[in-house]
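This report concerns only the one structure given below.
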Amino acid sequence: MKRFSSPLSAMRAAAALALLLVAGSLLASTPSRPLAGKQRPPAVSDQRYDQHAGAMAFASEVAQRNGWDPQWVREQVGQALHLPAVVRLVRPAPAGTPKDWTAYRARFIEPRRIDAGLRYWQAHRDILARAETEFGVPASLIVGVIGVETLYGRHLGQFRVLDALATLAFDFPAEHPRAQARQTFFREELEHFLTLTQQSGRDPGSLRGSFAGAMGWPQFMPSSWLRYAIDFDGDGQVDLFDSQADVIGSVANYFKAFGWQAGMPTHYPVQFDRTRLDLPTLLAPDIRPTFDAATLESLGVVLDEPGRQHSGPMALVELENGGAPRSYVAGTENFYVVTRYNWSSYYALAVIELGETIRDLLEPGR
């Protein structure tokens with residue numbers, strides 16, 4: 001069985017080519033769902049969850065709910081190891097830590113990632129084209145996601161998924177402002193993970209991923225794998241580790257499921273008319289598209305001509321730049337869809353710009 005036109009606009013070919021000569025490596029604001037990143041294997045703990053009363057009660061409930069062998073479930077949950085590193089990694093940044101879009105962007109729109117993305121697109125051009133045709137999701141967006149998530153398979157995560165999910169399910173840091181909700185979420189993800197291994201016949205202890213339990217080239221959480229991953233190569237298996245057709249098709253299917261609209265831009269550049277600008281009203285809905293073009297302009301947003309012609313709702317997306325002036329774009333419903341992959345406008349714009357930078361190098365003059 002298989003294992004599984006501003007800085008914020010699309011970059012033109014000349015500008016994209018120049019990026020290949022400049023390296024960026026600054027770390028900035030963290031997306032809401034942690035990326036796999038270049039993670040070292042965690043220190044092994046000797047604390048097994050077979051000694052955790054809550055974990056064993058959970059195992060019994062899961063077995064009964066799903067009609068599984070209770071002993072099997074207890075053995076799987078019980079073999080999980082507590083990972084102190086995971087607890088540290090999910091703690092929120094200290095209060096007052098500034099976000100920085102410019103630095104965050106430089107982490108991903110950089111020569112090594114662009115070069116790897118070019119090779120990836122060229123190697124899988126036909127599959128990307130098929131996915132774009134079937135789902136209406138641009139190849140550039142798919143390539144951008146895979147590049148930001150795992151650097152095209154180079155950083156799939158070194159944490160045993162079973163350990164990471166159990167640690168977050170039963171020992172989520174209590175000081176986190178959303179501790180109870182997040183612990184509930186990870187208990188559900190642990191159950192989804194066991195479901196996934198039941199369906200695939202995989203050993204739950206054999207799969208590795210991010211410290212949040214995301215897996216494969218696109219870093220799907222277990223629930224997303226079950227709901228949105230597809231068999232795009234037609235071999236009867238869903239494989240997000242070794243089948244690039246399944247990886248590409250699954251990313252496209254994810255966006256389509258969340259309402260991607262073919263042909264719609266993700267965002268437009270903006271300027272401000274300071275005499276009318278009402279930032280509190282504009283930013284109140286956060287990144288949820290709320291205002292039509294006319295309303296945005298009445299509140300002091302100056303759109304370019306394509307933005308003025310946009311027929312759907314938009315949101316004013318604000319991006320902090322540390323101590324420098326903030327950046328803004330008008331995000332469409334498709335921009336909001338990209339944030340459903342990772343609930344961060346910084347992440348969404350990085351994915352979009354990485355993919356478009358690579359596209360412009362492959363298709364100069366587009």
Side-chain angles (χ1 to χ4, degrees), residues 5-12 28-29 31-33 99-102 104-105 108-109 132 135-142 144-145 148 251-252 254-321 324-357 359-360 366:
S5 316
S6 64
L8 301 174
S9 61
M11 301 195 64
R12 296 296 92 196
S29 58
S32 59
R33 177 171 61 81
K99 297 180 180 179
D100 191 332
W101 158 242
T102 301
Y104 184 82
R105 182 184 188 280
F108 297 107
I109 319 299
E132 184 166 341
F135 296 97
V137 177
S140 63
L141 183 59
I142 300 169
V145 164
V148 168
V251 172
Y254 186 101
F255 285 126
K256 183 67 174 179
F258 277 87
W260 180 268
Q261 299 178 55
M264 176 186 288
T266 55
H267 62 285
Y268 301 100
V270 302
Q271 295 181 339
F272 293 138
D273 177 351
R274 298 286 174 180
T275 64
R276 293 180 293 154
L277 185 60
D278 184 356
L279 275 178
T281 298
L282 288 163
L283 296 175
D286 196 18
I287 60 173
R288 185 177 293 278
T290 304
F291 308 105
D292 61 21
T295 302
L296 283 176
E297 297 213 306
S298 73
L299 294 170
V301 176
V302 180
L303 297 163
D304 63 3
E305 185 58 29
R308 286 193 291 272
Q309 296 300 318
H310 186 80
S311 60
M314 292 177 279
L316 182 67
V317 178
E318 181 181 66
L319 301 134
E320 298 177 30
N321 285 308
R326 299 180 180 193
S327 300
Y328 297 88
V329 297
T332 68
E333 290 168 293
N334 272 356
F335 186 91
Y336 188 75
V337 169
V338 180
T339 66
R340 300 308 87 191
Y341 204 98
N342 185 316
W343 292 15
S344 163
S345 54
Y346 298 79
Y347 171 90
L349 202 54
V351 160
I352 293 163
E353 292 203 2
L354 174 61
E356 291 183 348
T357 298
R359 180 201 65 198
D360 290 346
R366 171 172 170 149

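If you read the sequence from its start, that first residue is 1, and numbering goes on from there.
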Do [X] and [Y] come close enough that some side-chain heavy atom pair is under 4.5 Å?
| X | Y | result |
| --- | --- | --- |
| E132 | V137 | no |
| S327 | N321 | yes |
| L316 | L299 | no |
| Y104 | L349 | no |
| V317 | F335 | yes |
| V148 | L354 | yes |
| F108 | V351 | no |
| M314 | D292 | no |

For a quick test of reading the model, state the closest non-hydrogen atom pair linking [X] to [Y] and the distance between them.
| X | Y | result |
| --- | --- | --- |
| E318 | S345 | O-OG, 4.3 Å |
| A348 | T339 | CB-CG2, 3.7 Å |
| A315 | R288 | CB-O, 3.5 Å |
| S298 | R276 | CA-NH1, 3.8 Å |
| Y347 | V145 | OH-CG1, 4.0 Å |
| T332 | H310 | CG2-CE1, 3.7 Å |

Checklist entry - Any idea how W101 and Y346 line up, ring-wise: parallel (<30°), tilted (30 to 60°), or perpendicular (>60°)? => result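 Geometry flag for Y346 against W101: tilted rings.
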
Rounded at 0.5 Å granularity, tell me how far [atom1] in [X] sits from [atom2] in [Y].
| X | Y | atom1 | atom2 | result |
| --- | --- | --- | --- | --- |
| L277 | L279 | CG | CG | 4.0 Å |
| R340 | W260 | CZ | CH2 | 13.5 Å |
| E297 | R308 | CD | CZ | 5.5 Å |
| L282 | D286 | CG | CG | 12.5 Å |

Is [X] reaching over with its side chain to a backbone N or O of [Y], donor-acceptor style, under 3.5 angstrom?
| X | Y | result |
| --- | --- | --- |
| T295 | F291 | no |
| T290 | P285 | no |
| Q271 | L303 | no |
| D100 | T102 | yes |

Checklist entry - After noting the C-alpha distance and the side-chain angles of Y336 and I287, does the key distance pass the side-chain contact (heavy atoms from CB on, under 4.5 Å) rule? => result CA-CA 7 Å; Y336 188 75; I287 60 173; 4.2 Å; yes

Item to check | Ring centre gap for F255 and Y341 strictly below 6.0 Å | outcome: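 Between Y341 and F255, which both carry aromatic rings, the centre distance is below 6.0 Å.
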
Checklist entry - Between Y328 and R326, is there a cation-pi geometry (under 6.0 Å to ring centre, at most 45° from the normal)? => result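 Relative to the ring axis of Y328, which defines the angle, R326 lies outside at least one limit.
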
Next on the checklist: Applying side chain to side chain donor-acceptor pair (under 3.5 Å), can you list everything that pairs with T275, at least two apart in sequence or on another chain?
Outcome noted: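 Only D273 meet the side chain to side chain donor-acceptor pair (under 3.5 Å) criterion with T275.
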
Checklist entry - Do we see a donor-acceptor contact under 3.5 Å between the side chains of N334 and T266? => result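 No pair is found: no donor N or O on one side chain lies under 3.5 Å from an acceptor on the other.
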
Next on the checklist: For F258, give me all partners under ring pair (Phe, Tyr, Trp, His ring centres under 6.0 Å), at least two apart in sequence or on another chain.
Outcome noted: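 Result, ring pair (Phe, Tyr, Trp, His ring centres under 6.0 Å) vs F258: Y228, Y254.
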
